[in-house]
Amino acid sequence: RGWRRYFAQLSTDHRGVPGAPGLVCTLLEDAPEATTRGVAYRVPDADADAVLDDLDFREKGGYTREVVSVAHAGGTLDALLYRGTVDNPNFDASAIKDLDQAASTIKDAVGPSGPNRDYLLNLATWLREVGEEDAHVAALVERIS
């Protein structure tokens, strides 16, 4: 699929708080030619229910759970993906268009999981380490530096 990363999902429970939400990354299927690198984890069957319960609680802020096909060295596999879709109440489409405002939100927001800025910088570092270029992420990093 053509997934692309966007900081367009408001976070009031991890990287921000109610009244001062942070902005976190989600995947949108908007570019058939795009690819997105990520990490898939295999969970032992005995732990699956507990892990799903924890993830469903953690990703409650507007995320949907879906099964997607992902490529890996041995072919493809089905993986569970949580993402904020454009129709959820915490999706902020204006953040995609107004990078200055998005960067300002990210620079200032802090939530129970820490500063929103750290979330962006950690993602940018990982992307560099795996050789993935992402213009959206790079533009936001440039604006908060």
Side-chain angles (χ1 to χ4, degrees), residues 1-18 20-99 101-103 105-107 109-144:
R1 288 185 171 176
W3 301 103
R4 210 181 301 202
R5 288 176 209 88
Y6 292 103
F7 273 76
Q9 182 70 13
L10 296 172
S11 174
T12 60
D13 56 355
H14 287 289
R15 296 297 176 162
V17 294
L23 199 57
V24 296
C25 194
T26 189
L27 296 174
L28 298 181
E29 189 176 12
D30 67 349
E33 75 288 351
T35 60
T36 301
R37 183 176 268 179
V39 178
Y41 296 93
R42 177 153 176 72
V43 175
D45 291 343
D47 299 331
D49 287 341
V51 169
L52 284 175
D53 286 347
D54 287 347
L55 286 170
D56 285 343
F57 178 77
R58 188 183 89 182
E59 305 299 335
K60 65 186 175 289
Y63 291 90
T64 60
R65 180 178 11 152
E66 55 192 272
V67 176
V68 297
S69 180
V70 297
H72 68 98
T76 61
L77 59 86
D78 287 339
L80 192 61
L81 172 68
Y82 287 82
R83 68 184 185 101
T85 58
V86 299
D87 58 353
N88 87 77
N90 292 325
F91 186 82
D92 182 5
S94 68
I96 297 170
K97 296 176 184 147
D98 189 346
L99 290 180
Q101 180 58 44
T105 297
I106 292 167
K107 190 174 186 178
V110 178
S113 296
N116 199 172
R117 166 190 192 93
D118 291 354
Y119 174 92
L120 169 63
L121 295 175
N122 289 339
L123 176 59
T125 297
W126 182 82
L127 289 170
R128 264 192 315 277
E129 289 172 356
V130 299
E132 181 94 355
E133 292 187 30
D134 188 303
H136 179 75
V137 171
L140 289 170
V141 168
E142 182 179 311
R143 283 168 169 79
I144 69 162

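Index from 1, following the sequence.
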L23 to A95 - nearest heavy-atom pair and separation: CD2-CB, 3.6 Å
d(D56 CG, R58 CZ) to nearest 0.5 Å is 11.0 Å
Atom of V137, atom of R5 and distance for their closest heavy-atom approach: CG2-CD, 4.4 Å
When every non-hydrogen atom of L140 is compared with those of A102, the smallest separation belongs to CD2-CB, 3.9 Å
Distance-only side-chain donor-acceptor flag, N90 / Y63, under 3.5 Å: no
side-chain contact (heavy atoms from CB on, under 4.5 Å) evaluation trace for L99 with R143: CA-CA 8 Å; L99 290 180; R143 283 168 169 79; 3.6 Å; yes
Let me confirm one number: the OG1-CG distance from T26 to D92, rounded to the nearest 0.5 Å. 12.5 Å
Would R15 and D118 count as a side-chain contact (heavy atoms from CB on, under 4.5 Å) if you check the C-alpha gap in whole Å, the side-chain angles of each, and the deciding distance to 0.1 Å? CA-CA 9 Å; R15 296 297 176 162; D118 291 354; 4.2 Å; yes
Can you check whether L52 reaches V43 side chain to side chain, under 4.5 Å on heavy atoms? no
Rounded at 0.5 Å granularity, tell me how far CD1 in I96 sits from OG in S94. 8.5 Å
Closest heavy-atom contact between N116 and I106? CB-O, 3.3 Å
Can you measure from NZ (K60) to OG1 (T12) and round to the nearest 0.5 angstrom? 8.0 Å
For a quick test of reading the model, state the closest non-hydrogen atom pair linking V141 to A124 and the distance between them. CG2-CB, 3.7 Å
Run the side-chain contact (heavy atoms from CB on, under 4.5 Å) check on V86 and L28 step by step: do they pass? CA-CA 8 Å; V86 299; L28 298 181; 3.9 Å; yes
Closest heavy-atom pair, V17 versus P112, reported as atoms and distance to 0.1 Å, is CG1-CD, 4.4 Å
With a 4.0 Å cut-off, would you call E59 and R65 a salt bridge? no
Using the rule given for side-chain contact (heavy atoms from CB on, under 4.5 Å), can you reason through L80 versus V67, listing the C-alpha separation, both sets of side-chain angles and the distance that settles it, and then say yes or no? CA-CA 5 Å; L80 192 61; V67 176; 4.3 Å; yes
Is a donor on one side and an acceptor on the other found under 3.5 Å between the side chain of E66 and the backbone of R83? no
How many angstroms lie between OH in Y6 and NZ in K97, if you round to the nearest 0.5 Å? 11.0 Å
Scan residues 111-135 for pairs that pass ring-ring contact (aromatic ring centres under 6.0 Å, His included), counting only residues two or more places apart or in two chains. F7-Y119
How long is the gap from CG on L27 to OG1 on T85, to the nearest 0.5 Å? 11.5 Å
Which residue in the set D47, D53, D54 passes side chain to side chain contact (heavy atoms under 4.5 Å, CB included) when paired with V51? D47
